[in-house]
Amino acid sequence: MKLKSITLHQVSIPLVTPFETSFMRETEKDCYLVEATFDTPKGEITGWGESVAMISPLYSSEYVASGIDVTKRWLAPILFDVDDLTAETVSWHLRHVIGHPMAKSALEMAVIEAQLKLNDQSFKSYLGGVVDSVPSGVSVGIQDSVEETVKVIGGYLEEGYARIKLKIKPGKDIAPIAAVRKAFGDDFGFQVDANAAYTLVDASHLRRLDEYGLLLIEQPLGEADIRQHGELAKLMETPMCLDESIDSAEAAADAISMGAAAVINIKPGRVGGFIEAKKIHDLCSAHGVAVWHGGMVETGLGRAANAALASLPGFTLPGDISGSNRFFHEDITEEIVMYDGKVDVPTGVGFGVSIDPAKLEKFRTDSVEILPQS
């Protein structure tokens, strides 16, 4: 395939309710989509990708504007020069550009979909997925009060979600967790995510979480603190899960060897793409480390692709692949539906969903066309 053109569509989609983590509060989903066209033996084919970078550089050093800039100035020109571009070689071609895994992942995603369309193949088939549906967990942001936390989680339990993940930070951790367990008991999967809000000095406080039978605690310490996560894991009964620390298969190998991760959260955008994400899945499976699929409030496009990856056999814990209506009144693709605690893995060619032109136009705030330099 030969890359012919790229259009980056910046969108802002209102959220059903604000989503608050330890580092920011979101009321809209701000991201950009990659629309890439290719010359192929079957004629012109379009592939779509989605960047999971946030509007501000608070989860990672990347943010929406930086992704658009580095794609236009550095990444796209490299790919335009490749005569036979494949999904498996995107990361290799881009290897000399340091960092920017989310921007690279969005481009790789578009190449993947075009390649799937060229071969009349679904993403699940390409990856080697083994199940037709995946358990659906829901991520609950930090609420204004303990009472509101209990109310919101009660609503998701009534909807049938297979697992609840609650965002926490210092001062909003023990009380809401205790209240949720008191209200709903121990017979549901419950885990917490700190998004690097604590330090090892907080170990004695974090050990109090062991009283509540949590599936895991996710990324309590800083992203560079793999060794310190290993030390904290020795002090806690709650399984340690890493998110921000795992930016590559090499980082996953380091974390496993240091005893810093009993569980790993895999997010393709964070590690540079779905190809690298599958490598991490395979590595963890070989070492007996459980993995689950994290979420970045993706649109239906990213959500469909995530479901396909989560259909691999090593994903033994419910991930953050919730229904579209968890976050959006309107999505830019067909609705991803959660039912009976699960989400079906799309089986259509490509990612199995399509971009609705009218919805894209409705939520688009800007667009940038990138063409090969003459």
Side-chain angles (χ1 to χ4, degrees), residues 21-23 52 59-60 134-142 161-169 173 177 180 188-200 202-203 205-271 277 280-296 306 309-310 312 314-322:
T21 64
S22 64
F23 57 87
V52 297
Y59 171 80
S60 77
V134 295
S136 179
V138 66
S139 182
V140 179
I142 295 170
Y161 277 100
R163 183 228 66 200
I164 302 292
K165 179 174 83 173
L166 178 64
K167 299 286 188 176
I168 61 171
K169 65 180 180 180
D173 45 25
I177 292 168
V180 168
F188 72 97
F190 189 26
Q191 64 194 55
V192 294
D193 181 8
N195 289 115
Y198 300 85
T199 71
L200 194 57
D202 299 308
H205 177 75
L206 291 171
R207 287 180 63 186
R208 295 175 60 190
L209 299 179
D210 291 341
E211 304 172 22
Y212 300 102
L214 300 173
L215 291 173
L216 55 89
I217 178 172
E218 183 179 353
Q219 197 72 38
L221 311 180
E223 62 184 66
D225 295 339
I226 291 181
R227 182 192 64 80
Q228 292 190 33
H229 276 101
E231 294 301 314
L232 181 60
K234 296 175 185 177
L235 302 174
M236 295 185 66
E237 296 177 7
T238 304
M240 194 66 52
C241 172
L242 292 185
D243 173 359
E244 289 94 331
S245 295
I246 307 302
D247 57 8
S248 65
E250 289 81 2
D254 288 344
I256 293 169
S257 68
M258 292 182 190
V263 184
I264 286 177
N265 169 355
I266 296 179
K267 293 176 179 173
R270 191 190 67 231
V271 303
I280 295 172
H281 162 274
D282 295 345
L283 173 72
C284 290
S285 293
H287 286 84
V289 172
V291 299
W292 58 279
H293 204 303
M296 295 287 288
N306 291 351
L309 182 63
L312 290 169
F315 285 89
T316 55
L317 296 173
D320 284 340
I321 306 171
S322 55

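Just so it is clear, the structure is predicted and the values come from calculations on it, not from any experiment.
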What's the separation between atom [atom1] in [X] and atom [atom2] in [Y], rounded to the nearest 0.5 Å?
X      : Y      : atom1 : atom2 : value
Cys284 : Phe315 : SG    : CZ    : 8.5 Å
Met258 : Leu242 : CE    : CG    : 10.5 Å
Ile266 : Asn306 : CD1   : CG    : 11.0 Å
Leu283 : Ser248 : CG    : OG    : 10.0 Å
Arg270 : Asp247 : CZ    : CG    : 8.0 Å
Asn265 : Ile280 : CG    : CD1   : 10.0 Å

Donor on one side chain, acceptor on other, Asp225 and Tyr198, under 3.5 Å
no

Should Pro268 and His293 count as side-chain neighbours, where that means a heavy-atom distance under 4.5 Å?
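Yes, their side chains come closer than 4.5 Å.
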
Does any N or O in the side chain of Arg163 come within less than 3.5 Å of the main-chain N or O of Gln191, such that one atom is a donor and the other an acceptor?
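Side chain of Arg163 to backbone of Gln191: no pair is present.
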
Decide, yes or no, whether a salt bridge links Asp173 with Arg208 under the criterion of side-chain N to carboxylate O below 4.0 Å.
no

Only pairs at least two apart or in different chains count here, so list each salt bridge (charged side-chain N to carboxylate O under 4.0 Å, His left out) that has a residue in residues 214-223.
Lys165-Glu218

Pairs where residues 229-240 contributes a residue and the test side-chain hydrogen bond (donor to acceptor under 3.5 Å, both in side chains) is met, not counting sequence neighbours
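Residue pairs passing side-chain hydrogen bond (donor to acceptor under 3.5 Å, both in side chains), neighbours aside: Asp210-Thr238, Glu231-Lys234.
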
Nearest heavy-atom pair of Ala251 and Ile246: which atoms, and what distance?
O-CD1, 3.9 Å

Shortest non-hydrogen pair, Val134 vs Ala310, comes out as CG1-O, 3.6 Å

Please enumerate all residues that pass side-chain hydrogen bond (donor to acceptor under 3.5 Å, both in side chains) together with Asn195, with sequence neighbours excluded.
Lys167, Glu244

Test side-chain hydrogen bond (donor to acceptor under 3.5 Å, both in side chains) applied to Ser136 - qualifying residues, sequence neighbours left out:
none

With sequence neighbours left out, what residues match Phe188 under ring-ring contact (aromatic ring centres under 6.0 Å, His included)?
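ring-ring contact (aromatic ring centres under 6.0 Å, His included) list for Phe188, sorted by chain: Phe190.
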
What residues form a ring-ring contact (aromatic ring centres under 6.0 Å, His included) with Tyr161, not counting sequence neighbours?
Tyr156

